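If you scroll down you'll find the structure; I have some questions about it.
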Amino acid sequence: MGLEFGHNLGLRRALRGLPLSPLVPGYGRLVARQRALGLRHIGDALVERGRVLGVLDGVFEEGGARRRQHIGADRLRQLGAARGGAYGPLLAQLEAVQLQDPAALRRILLYQLVELLQAHPQGADPATAVALGVCPQEAGPLVRVAAAHLRLDGEQRRAVEELADAWADGKVRRAAGLTALLPAGGGGDALLRRRLAEIAERVKEADDALDAAREAEKAGDARAAEDCMLRAARLASDCPRALLGLVRLHRAGGGAGVGAGPAAGGEKPGPAGGGEKPGPAAVYDEGARPREVLTVLPAPEAVAVALSPAPPAADAANGRRVLRLTRVPGGPTGITEITDLSPAGGWVDPSPPFGQEVRYAALPLRDGRIDGPPVVSDVLLVAPDVSGLRSTTGRGRIEATWTEPSGALGVRAQLVGPAGPVGGAEVRTGALTATGLGVGAYVLRVRCRYRSPDGAVIESAGAEHPVSVDPWPTPVDRLDATAAHGSVRFSWSGGDDADVRLVAWPADPPEVGAELTDDPARPWPAPLPWAAGSGGGLVPPPGSVTRVSALAVLGPRAVAGPGLVVECPPAVAGARVERVGGGRARVTFDWPAEAGEVAATVEQDGASTVHRVVARSTYVREGLYVDVAPSAFSVTLSAAPRTPDAVVVPPPGGAVRVPADIAVSYRIVPGARRALRRGPSLLRVTLSCPGEVPADLPEFVLVARSGNGRDPVRPRTPTDGTTLLRIGGGTLSPGSPVELPVPSGLRPPYALRGFLLGEGAADVRLDEPSPTTLVVR
């Protein structure tokens, strides 16, 4: 390679060979940002379009008027201001890297370019490097050294990229594990070789401190053992032996969470950063800080960890490192770092191991390093109870729901009542239903079941929930209705211990058997406001269609019952009925608004009922006629019901009563001829009456009116002439005509005419003979 690739040239710590590792903390975040922008390598973000990269003795932008410009922190700042947007976080991180180590930017760029060239099928061709944005003059030397450079497999590449983070975090044990995957001597990378040596030295120092702690513990010097364990933990923050030793020694010594033991020289801890060797532990005064307690509060899916009392602001700035220690029977204790903070203060373990015993330890930190013995919690069996346990009650029924933790195998639920445990409850995932219960107080206990590491099944402490079964009314199981005399009468079965109300819900009624409580948001409807009718019935408003439901009420609880539809069609006004002969009657009325059809019901002679339904068009065109007998009858008119299967209640006042067809006929029978003269004429009055004769038959009078001319004028009224005869209504009977002689005192010619007088005259038809037979000459 010689002078053509950075040999003794360029910036301080310039590379004499290609880097095997970027050795930059936060490299994983940097690559994620780079890939999110679709960049092949970081150099794509460092040069403007049309320019190339020089990488021989630094990172340069070549091309344009200025020809060659070094890319340092200032240039990175300018690029960040110019591009901004999505490029801002990446360029800001590169600037921080450059300020911390001027050679780091070139290391990263060369590491990525070599990786791309080694993975490319034409990686040995300088044109490939030029296509990646490398200056053509430097493309040849770059591809030659990349081809001869050590090639890493996927596991080794992960190790070299994560090594700097592990070292910076003080995780020396992890760093040592990563170095075991790398070639000895750092593969020609001098900086990596020095880092590997530092890791090996730090591992040895931590092991020596652990050995010293073990010897001091054997000698019974717990204070010295704890100091040595603390030094080992500061040297290797991820050393499980050191962390567990601190917890064990502090618990065995009854520590209260404050620092213990003097340290050699009483020096302050060294600066933060895995690359600097930590100084000895600080000296603590046990009375300088209050006794601290680490409390744990299990939740269904997590464990909340809190330090009490809360650390002062100065300590809070340095923070605490919280570990979860998981006891594994027959195996090593698991150590998990808890980093999630709780909004209420403290920490949250989002995924505790269900069914296992754990402890939590909070270690004080100074400048990012462990600075004293831990505060240790009590043992916690991670077996959380269910959450959200709630219940609803009904008629002899309890329904409960809950949420089970994700790690639970299932639950064991038990319901205990006044008489002891209740059997037969249906338990399913997250719910329980028990029916057939008596009134009284109950307690529901729910325990979660978990699988422990040794295969046994353990249970949680259990969640208890008191619940009371209250008295409910017996529901109505059947509702009937009968319409008669313009009203509807209801009857039902069930609801023996309840106040049964007949109601009309403003919207759809609840399902039959639905259990309701007195809820102001949906109050129960008031009982039907219908007027009382005959026989204990209720009169619905004309024109109404009502869904009547039964509601059984007992105090603040009710049960919805069955319902039925009651329809009262609108009344028909202006009804008139008249006999038209031939056994028929003509019915006229005012057609009701919005009615499609009108029904006519004729009641006559008791059981005789005739129904006629007529549409509006037919009524207008043909009218409405009904067949009737001579006896009295009534016609009831109502709009035809619009609801199928409804109980129809005709509106009141719709019937027109028509009396029986009672007729009184009279005839003038000429007298018998005697010699040359006729005898006196007779008046024959006959009563025709179907059925029973009314008691108030009118009186019949015969009136005569004389005339001056040859044709006398007929009487127009009972007073328009001379009254000749009177026959009381009581003397008339069907089948027995009454005959009386017509008085002969009048001088012919004159005209006769009969009239009916009295209150019943309008209900009796007068059948008159031909007027010519009533003229006497």
Side-chain angles (χ1 to χ4, degrees), residues 479-491 502 504-509 528-531 533-535 537-549 562-661:
L479 177 65
D480 296 320
T482 303
H485 308 294
S487 65
V488 57
R489 184 171 184 177
F490 295 93
S491 61
L502 301 177
W505 292 91
D508 292 336
L528 290 177
W530 296 353
S534 60
L538 298 175
V539 180
S544 64
V545 178
T546 309
R547 174 78 184 186
V548 180
S549 300
L564 48 81
V565 178
V566 176
E567 180 174 357
C568 182
V572 178
R576 296 171 296 280
V577 182
E578 58 178 345
R579 296 179 185 270
V580 294
R584 304 184 75 197
R586 182 171 180 263
V587 183
T588 59
F589 54 89
D590 299 332
W591 192 270
E594 299 181 1
E597 294 179 327
V598 170
T601 303
V602 179
E603 295 184 4
Q604 190 173 32
D605 297 334
S608 176
T609 302
V610 178
H611 293 275
R612 286 288 307 276
V613 178
V614 61
R616 179 181 177 86
S617 58
T618 303
Y619 175 75
V620 172
R621 184 178 63 253
E622 302 176 4
L624 177 60
Y625 294 87
V626 293
D627 295 330
V628 293
S631 59
F633 66 92
S634 63
V635 177
T636 303
L637 299 173
S638 63
R642 296 165 292 171
T643 308
D645 302 326
V647 177
V648 180
V649 181
V656 177
R657 179 71 179 174
V658 179
D661 188 13

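Since this is a predicted model, take the numbers as computed values, not measurements. Because only heavy atoms are used, hydrogens play no part in the values below, and waters and symmetry mates are left out as well, while side chains stay in.
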Side chain to side chain, Val614 and Glu597, heavy atoms closer than 4.5 Å: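 Side-chain contact under 4.5 Å: no.
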Shortest non-hydrogen contact from Ala483 toward Val649: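 What the structure gives for the nearest pair is CB-CG2, 3.7 Å.
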How about Phe490 and Val647: do any of their side-chain heavy atoms sit closer than 4.5 Å?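 They are not in contact (no side-chain heavy atoms under 4.5 Å apart), so the answer is no.
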Spacing of Leu637 atom CG and Leu624 atom CG [to the nearest 0.5 Å]: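 CG of Leu624 is found 7.0 Å from CG of Leu637.
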Donor-acceptor under 3.5 Å (Glu603 side chain, Val635 main chain):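 No: the side chain of Glu603 does not pair with the backbone of Val635.
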Approximate separation, where rounding is to 0.5 Å, of Trp530 CH2 and Cys568 SG: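 Here the rounded value is 8.5 Å.
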Do you know the tightest heavy-atom contact between Ala575 and Val656?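 Closest approach of Ala575 to Val656, heavy atoms only: CB-CG2, 3.5 Å.
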Neighbour count >12 (heavy atoms, 6.0 Å) for atom CZ, Arg489: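 It does not: Arg489 CZ has 12 such atoms or fewer within range.
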With heavy-atom distances below 4.5 Å as the criterion, would you say the side chains of Val598 and Trp591 are in contact?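 Val598 reaches Trp591 side chain to side chain.
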State, yes or no, whether a side-chain contact exists between Phe633 and Val577 at a heavy-atom distance under 4.5 Å.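 The answer is yes; the side chains approach within 4.5 Å.
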Between OG1 on residue Thr643 and CG on residue Leu564, distance to nearest 0.5 Å: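 The CG atom of Leu564 is 12.0 Å from OG1 of Thr643, to the nearest 0.5 Å.
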Counting distance only, does the side-chain N/O of Gln604 pair as donor-acceptor with the main-chain N or O of Ser631 below 3.5 Å?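 Yes; at least one donor-acceptor contact below 3.5 Å.
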To check you understand the geometry: which heavy-atom pair defines the closest contact between Val572 and Pro592, and what is its length?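 The pair with the smallest heavy-atom distance is CG2-CG, 4.1 Å.
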Hey, are the side chains of Val565 and Asp645 touching, using non-hydrogen atoms and a 4.5 Å cut-off?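 They are not in contact (no side-chain heavy atoms under 4.5 Å apart), so the answer is no.
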Between Arg621 and Arg616, is there a donor-acceptor pair closer than 3.5 Å when you use the side chain of the first and the backbone of the second?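 It does not hold such a pair.
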Which distance, rounded to the nearest 0.5 Å, do you find between the OG of Ser549 and the CG of Leu479?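 Spacing of OG (Ser549) from CG (Leu479) equals 8.0 Å.
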Side-chain contact test, heavy atoms from C-beta onward, threshold under 4.5 Å: evaluate it for Val626 versus Arg584 and give yes or no.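 Sidechains of Arg584 and Val626: no contact.
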Checking Tyr619 side chain against Thr588 main chain: does a donor-acceptor pair fall under 3.5 Å?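 No; judged by distance alone, with no hydrogens or angles, the pair does not exist.
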Below 4.5 Å, heavy atoms only, C-beta onward: do Pro651 and Pro570 meet side chain to side chain?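 Result no, sub-4.5 Å side-chain heavy-atom pair not found.
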Kindly give the heavy-atom pair with the smallest separation between Val539 and Gly533, and that separation in Å.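 Closest approach of Val539 to Gly533, heavy atoms only: CG2-CA, 3.7 Å.
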Donor-acceptor pair, distance only, cut-off 3.5 Å: does the side chain of Arg576 make one with the backbone of Gly574?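 It does hold such a pair.
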So do the side chains of Pro540 and Val566 get within less than 4.5 Å of each other, counting heavy atoms only?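 Yes, side chains in contact.
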Reported OG1-to-CD distance for the pair Thr546 and Glu567, which is rounded to 0.5 angstrom: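 Taking OG1 in Thr546 and CD in Glu567, the distance rounds to 9.0 Å.
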